[in-house]
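Okay, structure first, notes after.
For ligands, and for the atoms within them, numbers begin at 1 and follow the listed sequence.
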Amino acid sequence: MRIMMILISRWLALGVVLLGGFSHQVEAAPPAESYSEARQAMVARQLQRRDITDPRVLIAMGRVPRHRFVPEALASQAYGDHPLPIGEGQTISQPYIVALMTQWAEVAPGDRVLEVGTGSGYQAAVLAELTGQVFTIELLPELARQAAARLKELGYGRVQVRSGDGYQGWPEAAPFDAIVVTAAAPRVPPALTTQLKEGGRLVIPLGTPYGAQTLVRFRKVKGHLAEEASLPVRFVPLVRPETLKGSGQ
Ligand code: SAH
């Protein structure tokens, strides 16, 4: 009986593939409502059941269509409790980590926020739900271009995307109330400390590439960074552009 069922479902699947050759509608992605349900479940199970308590962060995470920020083939996994590849060897963080970094950044309406490591643009969109002033830098020009187009298409056109080296920050847009770095560095890039306002928050994974790393939340107090919270994590490295050129890419 079970074998029969498997065979039948195989044939049905094949039928869909064959029909798909004639009509693209047959291959349609799951309806938008099912993504919206998956997103609300993600907020309840992965965020509220852990320590995401800021109502504005929970609302933001419940609004941003994460499935539009991952490659189409992975859209059905977008609301899973894990990171996903986004191309060019980069990853979009697990929803919980995005929410935690956002909560630690304590973004109030009107705050100026810098994100280093645009990637897909997802974290930038979440930040843009909280303030109209989001600046984001991405080292890889192709990712920056795609993220800017995607953000615009999804109604986050106010986010300013730049292709460049995040180690230098964004001096023309500084000072910032909060800086969120989504790639791991061995230590805090000095330009970022300089570009942070007094009382501002800096959230950054620190540690060795692909090794032990700690997500740290700092606050700038009397010109210095005071560590306030930390969590073991794993991020892709914050790359020095010199090393990229050296590798011939
Ligand atoms: N925040 C992203 C995920 C970031 S992955 C999202 O929500 O999808 C880390 C990103 O940092 C990658 O896209 C990588 O290309 C970028 N990156 C690495 N080194 C960088 C640097 N020096 N300056 C700016 N971006 C950098």
Exercise. So which bit of Pro237 gets within less than 4.0 Å of ligand 1, heavy atoms only: side chain, backbone, both or neither?
Worked result: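 The answer is the backbone.
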
Problem set entry | Residue portion contacting ligand 1 (non-hydrogen atoms closer than 4.0 Å) for Thr118 |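 Only the backbone of Thr118 comes within reach of ligand 1.
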
Exercise. Of the options His224, Glu198, Glu106, which is the one that meets Arg219 in a side chain to side chain donor-acceptor pair (under 3.5 Å)?
Worked result: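 Single pass found, and it is Glu106.
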
How long is the span from the [atom1] atom in [X] to the [atom2] atom in [Y], to the nearest 0.5 Å?
| X | Y | atom1 | atom2 | answer |
| --- | --- | --- | --- | --- |
| Phe235 | Ile97 | CZ | CD1 | 5.5 Å |
| Arg68 | Leu154 | CZ | CG | 5.0 Å |
| Asp54 | Leu47 | CG | CG | 11.5 Å |
| Asp111 | Leu130 | CG | CG | 9.5 Å |

Exercise. So is Pro241 close enough to ligand 1, meaning a heavy atom under 4.0 angstrom away?
Worked result: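 It does not, in that no heavy atom of Pro241 comes within the 4.0 Å cut-off of ligand 1.
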
For this session: Scan His67, Arg66, Arg63 and name whichever one has a side chain to side chain contact (heavy atoms under 4.5 Å, CB included) with Arg39.
Result: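 Of His67, Arg66, Arg63, side chain to side chain contact (heavy atoms under 4.5 Å, CB included) with Arg39 is met by His67 alone.
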
Exercise. Side chain to side chain contact (heavy atoms under 4.5 Å, CB included) between Ser163 and Arg145: does it pass, once the steps are laid out?
Worked result: CA-CA 8 Å; Ser163 173; Arg145 194 192 59 74; over 6 Å; no

For this session: Would you check if there is a donor-acceptor pair between the side chains of Glu115 and Thr136 at a distance under 3.5 Å?
Result: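 A pair is found: one side chain offers a donor N or O, the other an acceptor, under 3.5 Å apart.
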
For ligand 1, which atoms have a heavy atom of [X] less than 4.0 angstrom away?
| X | result |
| --- | --- |
| Val236 | 5 (S), 9 (C) |
| Leu140 | 15 (O) |
| Leu143 | 13 (O) |
| Gly164 | 23 (N), 24 (C) |
| Ile137 | 24 (C), 25 (N) |
| Tyr122 | 7 (O) |
| Asp165 | 21 (C), 22 (N), 23 (N) |
| Tyr167 | 22 (N) |

For this session: Taking only Lys NZ, Arg NE, NH1 and NH2, and the carboxylate oxygens of Asp or Glu, determine whether Arg162 and Glu172 approach each other closer than 4.0 Å.
Result: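 Yes, Arg162 and Glu172 are salt-bridged.
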
Exercise. Salt-bridged, Asp177 to Lys197, with N to O below 4.0 Å?
Worked result: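 Lys197 and Asp177: salt-bridged.
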
Considering only protein heavy atoms, which is closest to [atom], and at what distance to one decimal place?
| atom | value |
| --- | --- |
| atom 19 (N) of ligand 1 | Val239 N, 2.8 Å |
| atom 26 (C) of ligand 1 | Leu139 CB, 3.5 Å |
| atom 12 (C) of ligand 1 | Gln90 OE1, 3.2 Å |
| atom 5 (S) of ligand 1 | Thr91 O, 3.1 Å |
| atom 7 (O) of ligand 1 | Gln123 N, 3.0 Å |

Using a 3.5 Å cut-off on N or O atoms only, is [X] in polar contact with ligand 1?
| X | answer |
| --- | --- |
| Arg240 | no |
| Gly166 | yes |
| Ser93 | no |

Exercise. Is Arg50 positioned over the aromatic face of Tyr96, cation under 6.0 angstrom from the ring centre and no more than 45 degrees off axis?
Worked result: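 Yes - Arg50 lies over the ring of Tyr96, closer than 6.0 Å to its centre and within 45° of its axis.
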
Exercise. Within 45° of the six-membered ring axis of Phe218 and under 6.0 Å from that ring's centre, is NZ or CZ of Arg201 located there?
Worked result: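 Output no; distance or angle outside limits.
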
For [atom], which candidate among [options] holds the nearest heavy atom?
| atom | options | value |
| --- | --- | --- |
| atom 15 (O) of ligand 1 | Met101, Gln168, Glu138, Arg162 | Glu138 |
| atom 8 (O) of ligand 1 | Ser120, Ala183, Gly89, Ala144 | Ser120 |
| atom 10 (C) of ligand 1 | Gly169, Pro141, Gly117 | Gly117 |

Problem set entry | Where Ala78 and Leu84 come nearest, the two heavy atoms and their spacing |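 In this case the closest contact between Ala78 and Leu84 is CA-CD1, 3.8 Å.
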
